[in-house]
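As structure tokens, the structure follows; a few thoughts come after it.
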Amino acid sequence: MPVEAADARIVEDLDDEQREAVLAARGPVCVLAGAGTGKTRTITRRIAHLVAAGHVAPGQVLAVTFTSRAAGEMRGRLRALDAASGDVGTSSVQAMTFHAAARRQLAYFWPRVVGDTGWQLLDTKFSVVAQAANRAGMSTSTDDVRDLAGEIEWAKASLITPEAYPGAVAQVGRDIPFDAAKVATVYEGYENLKSRGDTALLDFDDLLLHTAGAIENDAAVAQEFRDRYRCFVVDEYQDVTPLQQRVLDAWLGDRDDLTVVGDANQTIYSFTGATPRYLLDFSRRFPDAAVVRLERDYRSTPQVVSLANRVIAAARGRMAGSRLHLVGQRDAGPAPTFAEHPDEVAEATAVAKSIKRLIEAGTAPAEIAVLYRINAQSEIYEEALTEAGIPFQVRGGEGFFSRQEVRQSLVALQRAADRDIEGALPDVVRAVLEPLGLTAEAPAGTKARERWEALTALAELVDEEVAQRPELDLRAVVAELRQRADARHPPVVQGVTLASLHAAKGLEWDAVFLVGLADGTLPISHALAHGPDSEPVEEERRLLYVGVTRARVHLALSWALARTPGGRQGRRPSRFLNGIAPQSSNDTTPARPKRQRGATPRCRVCNKALTTPASIMLRRCEDCPSNVDEDLLARLKDWRLRMSKEMSVPAYVVFTDNTLIAIAETSPADDAALVAIPGIGARKLEQFGPDVLALVKGRQSS
Ligand code: ATP
Ligand code: MG
């Protein structure tokens, strides 16, 4: 196919600005644009254009991204383009992660640069860091070693030496659970240990450091490398680290055939050392660069786009300065929904139900995602989806039951069961899990906190199990947990995606559920510890923006007022939703989804829209006259007391006060009327329905 024809195909379905970036003369190009505007599409097309126009041979293009999934996506798009344009020949373009590229280059250049000493990749630095920590007289607990490893990674990615580490930590106000000078000692010891033997041990960051070093320090290596690669492309450039930038600089030398695309408002990896400053300073470094801004959002409906604009409009700081107002290009779709739930179990159950409806209406499970802030949140959704018979896969973290601490806990619980320890199950379980990290308060340190979250989720799973089936002993509960773990195991590729917001970057789905949007979870509490206007809180806001912009059509945002059923409903929706989550409009009021399908919940006394959780529970304004049947209420309370004693659970696990009041006010006559009361779901109906209906009818239940 002649060049013009191939090129015409390459740009035919692009808009003017995208085309401008694709067809820009060879040299530096920077695409600064918001989510869904076609940045990834634009760079793949630019590669195809440069190849089709004969500016560069396909094998001379190096396209780098940050995850192997994104690299695979890029290769896929290039192949598809080849097929559509009569084989431009882009299939030999190298699309890979920084690490993969460096590893390959190092393997090639190492013998020339270093000589006989071999090297070996250190897949996990854990044991070497533990050794260094031990020598420095520091704790070698799993969590501490993992956190130390995280600090070493941050320092190396930021090009900070052991000597400079304490000063750098103080300068950026980095939140670390150790004495900085001690970390520096461990960091130095770690580096020494790695290079002691006959074979050098290289960690992932060393791959990059040595690659840059080989090119920087050896003219012949630089020459050979630069003959090999002539054109560079970087996607998601806002998340480049100083170390990766150094490698990129080494690759480029004094050339400038570099195309970068990114969105500073999607910077979500600052804590690992990533920084948008190279993206934002691109045209300062390359004054001749073609800079293109894209505003049209092709991914999402105008409804989703409008919400995204509102979320990011409140952002502050340098990155916010680069934001553009997105203009949705797709046809109108459903308005994003907001739902408030009494607890996380209710939230997950409602989400599973909505997913079921979407699937029944024709959406493929693989086109649906549930996104959350931290990986420990996956458990409750794994549970709810399993129960609803919906296939799923957990991305960017292991499934709950594969987590190391959860596996350890099951072993410990099994041992405790074998010893027949006395006591109420929830207490026994907490006592067993305490040495594994289930302290009363959430601990400091990222890894310790993640572990704590997972253990808390496990303990609560047991509480729930016990509340449902009080007859179970520890042995039976462990067996039940193991069964659940096994039931979830079969990996499904075509299932609903469960992923953290971090792992969702660059991806898109028809339907997205953003869950757990309570203040303290998003923004996460340790970000808030830096102050409400701090950069860590801004990064949390950008996470929400990334989440919102993953949705093509359906977007549902939700949060729960309490962690566990019957728990204190002290939570509030994320501060990022202030003024965004509607308080009382007909289609999208914060309400339980059960009543959301119909109209806004209204007071059954004065018919005003209900907004507070307590009023929704009561189904009337809190100050509207109550027609509670006091006699019935007293009987319900007696009954609840008996039940809670029988089941050895707190009374609220049976029913909360508000639920009892709602029953005493509405005197439900049948199952349908019972489940219409907030706080009564299928499980409680099955468990307590007959008793409650009998009480309402005035008979004493047995
Ligand atoms: P993110 O910031 O989330 O990485 P992005 O800017 O990289 O987003 P893409 O993933 O390239 O955006 O594009 C978003 C969606 O819009 C994709 O499904 C893509 O195929 C589609 N798209 C992009 N440009 C156009 C266009 N000109 N016409 C039609 N669809 C387009
Ligand atoms: Mg992209």
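When a residue number appears, it is its place in the shown sequence, counting from 1. As the structure lists them, so they are numbered: ligands from 1, and atoms in each ligand from 1. Values in this document were obtained by computation on a predicted structure and should not be read as measured data.
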Any side-chain donor near an acceptor of the partner, Trp559 and Glu347, under 3.5 Å:
no
Identity and separation of the nearest protein heavy atom to atom 10 (O) of ligand 1
Arg299 NH2, 3.1 Å
Among non-hydrogen protein atoms, atom 16 (O) of ligand 1 lies closest to Tyr298 CB, 3.3 Å
For Asp13, the ligand 1 atoms with a heavy-atom partner under 4.0 Å come out as 26 (C), 27 (N), 28 (N)
Which of the ligand 1 atoms, numbered from 1, are nearer than 4.0 Å to a heavy atom of Arg77:
10 (O), 11 (O)
Identify the protein heavy atom lying closest to atom 2 (O) of ligand 1, giving its residue, its atom name and the separation to 0.1 Å.
Lys39 NZ, 2.6 Å
Any chance the side chains of Ser306 and Gln303 put a donor and an acceptor closer than 3.5 Å?
no
For ligand 1, is there an atom lying under 4.0 Å from some heavy atom of Arg45?
no
Residue, atom name and distance, where the atom is the protein heavy atom closest to atom 20 (O) of ligand 1:
Arg41 NH2, 3.2 Å
Heavy-atom nearest option to atom 8 (O) of ligand 1, drawn from Gly506, Gly34, Gly38, Gly36
Gly36
Using non-hydrogen atoms of the residue, decide whether Thr37 is closer than 4.0 angstrom to ligand 1.
yes
Quick one: does Arg550 get within less than 4.0 Å of ligand 1, heavy atoms only?
yes
Judged by modelled atom types alone, do Arg46 and Thr259 share a side-chain donor-acceptor pair under 3.5 Å?
yes
contact_flag Thr549 ligand 1 heavy-atom lt 4.0 Å:
no
Cationic N near anionic O, under 4.0 Å, Glu538 to Arg316
yes
Counting heavy atoms under 4.0 Å, the part of Gln329 that contacts ligand 1 is neither
Answer side chain, backbone, both or neither: which part of Leu294 comes under 4.0 Å from ligand 1, heavy atoms only.
neither
Salt bridge or not for Arg285 and Asp249, using N-O below 4.0 Å?
yes
Indicate yes or no: does Arg542 engage Glu539 in a salt bridge with an N to O separation below 4.0 Å.
yes
Atom 14 (C) of ligand 1 - nearest protein heavy atom and its distance
Glu508 OE1, 3.5 Å
Is Arg226 close enough and on-axis enough to Trp251, meaning under 6.0 Å and within 45°, for cation-pi?
no
I want to confirm something. Looking only at heavy atoms, which of Glu236, Gln18, Glu12 is nearest to atom 27 (N) of ligand 1?
Gln18
When you compare the side chains of Glu236 and Gln238, does any donor N or O come within less than 3.5 Å of an acceptor on the partner?
yes
Is the centre of the Tyr278 ring less than 6.0 Å from the centre of the Phe282 ring?
no
Is any NZ, NE, NH1 or NH2 atom of the basic residue among Glu508 and Arg550 found under 4.0 Å from an Asp or Glu carboxylate oxygen of the other?
no
Answer yes or no: does an N/O atom from Leu14 fall short of 3.5 Å to an N/O atom of ligand 1?
no
